[in-house]
Amino acid sequence: MSLATALALLALLLSVFAILAVGAVYARLRIMEQTVLKPGNARLDDEVREVPQALRPAKGQDGTLVLMLDANCSICQGVWSAAAAAPPATTRVVAVFSHADSAQKFDGPVEKLADPELWTALYEGYTPCVYAVDAAGQVTDRRFVYADTDLPALFAELFPSLSTSGSSHAS
């Protein structure tokens, strides 16, 4: 076998390996995407289903809207502002921070909890994240918030009592 043939076979082998690796990564990303887009999916067996007592709604409230926020997050201030503008009605709105320094950078009427244990119990590696908790303390929905997310519509979808029907931003 000549040197040129050996190099050609080696290049072919590397190309096949690269194609298989890209295919495997693509398949893994598709599985992750399906998991994120379907919060109730059976693949999320390790997902938090029940929140700690500190995040449960008070008597007479329909649930808790939990905001996972971080001071270093560029979108979190917008989520905070949208939550502060939403009339709470019968829904408790709580922002959870990993430490007190982050919480101090947010001002307004939304309840703040700076608790590393609560943060660790709910954090999924991305902020901001919004959790809907029912009256029994069970997580009913979890959504990641992106720069183009319509926050008033998201809040109203999770809890109709947070609807801002007079807002031009709500759909």
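The analysis underlying the following values was restricted to heavy atoms, covering all of them including side chains, and did not include hydrogens, waters or symmetry mates.
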To the nearest 0.5 Å, how far apart are [atom1] in [X] and [atom2] in [Y]?
| X | Y | atom1 | atom2 | value |
| --- | --- | --- | --- | --- |
| L151 | L67 | CG | CG | 9.5 Å |
| L7 | L14 | CG | CG | 10.5 Å |
| D115 | T120 | CG | OG1 | 8.5 Å |
| L154 | D141 | CG | CG | 8.0 Å |
| D148 | I75 | CG | CD1 | 8.5 Å |
| F155 | D150 | CZ | CG | 10.0 Å |

Flag, side chain of [X] to backbone of [Y], donor-acceptor distance under 3.5 Å:
| X | Y | result |
| --- | --- | --- |
| Y131 | L122 | yes |
| Q61 | A58 | yes |
| K112 | A95 | no |
| R142 | A132 | no |
| T5 | M1 | no |
| S15 | A11 | yes |
| S102 | S98 | no |

| task | Would you sort out whether T140 and D134 count as a side chain to side chain donor-acceptor pair (under 3.5 Å), showing the intermediate values? | result | CA-CA 6 Å; T140 58; D134 66 10; 5.9 Å; no
Heavy atoms only: give me the nearest [X]-[Y] pair and the separation to one decimal.
| X | Y | result |
| --- | --- | --- |
| V133 | F159 | O-CZ, 3.4 Å |
| K105 | Q77 | O-OE1, 4.1 Å |
| V93 | A83 | CG1-CB, 4.0 Å |

Flag the pair [X] / [Y] as yes when at least one side-chain heavy-atom distance between them is below 4.5 Å, and no otherwise.
| X | Y | value |
| --- | --- | --- |
| E157 | R143 | yes |
| V139 | V51 | yes |
| C76 | T127 | yes |
| V96 | L69 | no |

| Could you go step by step and tell me if L65 and V94 meet the side chain to side chain contact (heavy atoms under 4.5 Å, CB included) rule? | CA-CA 6 Å; L65 180 68; V94 179; over 6 Å; no
| Is there a path from Y146 to W80 through hydrophobic residues (I, L, V, M, F, W, Y) whose side chains come within less than 4.5 Å of each other? | yes
| field | Step-by-step side chain to side chain contact (heavy atoms under 4.5 Å, CB included) determination, D70 to F97 | value | CA-CA 6 Å; D70 184 11; F97 299 92; over 6 Å; no
| query | Could you go step by step and tell me if L118 and L55 meet the side chain to side chain contact (heavy atoms under 4.5 Å, CB included) rule? | reply | CA-CA 9 Å; L118 284 176; L55 295 176; 4.1 Å; yes
| Y26 six-ring face occupied by R28 cation (under 6.0 Å, within 45°) |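 Judged by the rule (NZ or CZ under 6.0 Å from the ring centre, within 45° of its axis), R28 is not positioned above Y26.
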| task | Just do the side chain to side chain contact (heavy atoms under 4.5 Å, CB included) check on V130 and M68 with the steps written out, would you? | result | CA-CA 6 Å; V130 176; M68 297 291 293; over 6 Å; no
